[in-house]
Amino acid sequence: MTWANQTVVTELILLGFSNLPQLQCLLFAIFLAAYVITLMGNILIILITTADPALHSPMYFFLRNLSCLEICFTSVIVPKLLANLLSANQTISFHGCILQMYFFFFFGSTECFLLAAMAYDRYVAICNPLRYTVVMNRRICIQLAVTSWVSGIPVGTVQTTWLFSFPFCGPTEINHFFCDSPPVLKLVCGDTYLFEMYAVTGTIVIVLFPFILILVSYICIISTILRIPSAEGRLKTFSTCSSHLMVVTLFYSTGGLTYFRPKSSYSPDTKKLLSLSYTVFTPMLNPIIYSLRNKEVKGALQTILHQRNVF
């Protein structure tokens, strides 16, 4: 079929929260504060775990990767969101939309696999502690981290290239605050059945495969913890993985509510709020969780602050 009325689309409009004109300044202040906290918190985690030799273990190597990832992930979305809240011009170039979607899928997929690598690290540390330094050596840690980052390339490339190969000949308004696949797909005037089947299947595989690895790891971890005779020992052991478990729960619960529900389950405004949870607020909470619940990170931070006061 040919599309006689197809036009060349050079820019799209992100509607965002334009239906709430009276709240634009308040939303800008909230999102800006969340973004600044995200940047500062994750940069602080990177600096602390790099500066303190005691934190040069595999767990903190992966945590540095996660913090770097969160900075990149939120920076793909939030700056444009803030700019649109302040400006009457809410357009995004067609190629800018492509890039935003690509990096959204790239970093999202990477986080799924990185969280799985972190779960495996905790599994080895708790279930096989005598072989921890042998199994989680530097080479293995680098391989797991590189694999996690590389996993996002095919996901972002296939999803984005395929979607934007369709003709755009209808409206140019995206009812979202960033270029996510479902709202952009509504602007396509071609037959998208195969793409939608791929998107659903691909999302399930990319999300569920790491999730199953995480689930199996924590089943083994909890089984091992329950066999520890003393309550103090169980609590101390569980505390080494509680921060990661909270981060995983936040990431998968918010993402699952957004993408693993029938299309008609939520209104567009509700979907925007759910999207805010994992694009804006979860990256902000991650460094807070790790800094408040991790004694080693808190101890390293106190040491650095004490050294500053001394000099």
Side-chain angles (χ1 to χ4, degrees), residues 30-52 54-78 107-108 110-126 141 144-145 148 207 210-211 213-215 217-218 221-222 225 234-258 273-305:
I30 293 173
F31 299 153
L32 178 61
Y35 185 52
V36 171
I37 293 171
T38 299
L39 295 181
M40 292 180 63
N42 283 292
I43 290 173
L44 189 61
I45 291 287
I46 294 171
L47 293 177
I48 291 173
T49 57
T50 302
D52 192 336
L55 301 182
H56 289 181
S57 63
M59 181 173 77
Y60 295 106
F61 168 76
F62 290 119
L63 180 56
R64 284 193 293 275
N65 274 268
L66 180 64
S67 292
C68 180
L69 175 65
E70 298 289 25
I71 291 171
C72 297
F73 182 70
T74 193
S75 295
V76 170
I77 308 295
V78 179
F107 292 126
T110 299
E111 183 156 358
C112 289
F113 284 93
L114 187 58
L115 290 175
M118 296 173 77
Y120 177 71
D121 169 72
R122 292 298 82 207
Y123 159 75
V124 177
I126 294 172
C141 290
L144 288 172
S148 298
V207 173
F211 180 75
L213 294 178
I214 294 170
L215 186 62
S217 297
Y218 272 101
I221 288 170
I222 292 171
I225 290 175
R234 289 194 295 270
L235 184 62
K236 183 178 180 180
T237 304
F238 181 73
S239 67
T240 63
C241 61
S242 59
S243 297
H244 176 260
L245 186 57
M246 291 180 66
V247 169
V248 168
T249 302
L250 273 173
F251 179 78
Y252 275 97
S253 60
T254 54
L257 286 172
T258 304
L273 292 176
L274 289 172
S275 297
L276 283 173
S277 62
Y278 65 83
T279 57
V280 178
F281 297 114
T282 297
M284 176 189 72
L285 292 174
N286 287 353
I288 296 175
I289 291 171
Y290 271 101
S291 60
L292 292 181
R293 296 188 60 85
N294 191 298
K295 292 181 180 179
E296 291 177 323
V297 173
K298 286 194 292 185
L301 179 58
Q302 290 171 356
T303 300
I304 292 173
L305 292 177

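- For Y120, the side-chain hydrogen bond (donor to acceptor under 3.5 Å, both in side chains) criterion is met by no residue, not counting sequence neighbours.
- Using the six-membered ring where Trp is involved, F73 and F107 have ring planes that are perpendicular, over 60° apart on the 30 and 60° scheme.
- A donor-acceptor distance shorter than 3.5 angstrom exists from the side chain of S277 to the backbone of L274, with no hydrogens or angles considered.
- The environment of F61 atom CZ is dense: over 12 non-hydrogen atoms of other residues, nucleotides or ligands sit within 6.0 angstrom.
- For Y60 (side chain) and I48 (main-chain N/O), no donor-acceptor pair under 3.5 Å exists by modelled atom type.
- What you find for E111 and L66 is that their closest heavy atoms are OE2-CD1, 4.0 Å.
- Residue pairs meeting the side-chain hydrogen bond (donor to acceptor under 3.5 Å, both in side chains) criterion with at least one partner in residues 279-289, sequence neighbours excluded, are E70-N286.
- Considering only residues two or more places apart in sequence or on other chains, S275 meets the side-chain hydrogen bond (donor to acceptor under 3.5 Å, both in side chains) condition with H176.
- Proximity of I289 to L250: side-chain heavy atoms (C-beta onward) are separated by under 4.5 Å at one or more points.
- In terms of the side-chain hydrogen bond (donor to acceptor under 3.5 Å, both in side chains) criterion, residue partners of S67 (sequence neighbours excluded) are, by chain and number, N42.
- Looking at residues two or more places apart in sequence or on another chain, you find a side-chain contact (heavy atoms from CB on, under 4.5 Å) between S75 and Y35, L39, I71.
- Between the SG atom in C241 and the CD1 atom in I221 there is a gap of 5.0 Å [rounded to 0.5 Å].
- The minimum heavy-atom distance between P210 and C112, with the atom names listed, is CB-O, 3.3 Å.
- When the side-chain contact (heavy atoms from CB on, under 4.5 Å) test is applied to L235, no partner is found at least two apart in sequence or on another chain.
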Test side-chain contact (heavy atoms from CB on, under 4.5 Å) applied to S148 and N65, step by step: CA-CA 10 Å; S148 298; N65 274 268; over 6 Å; no
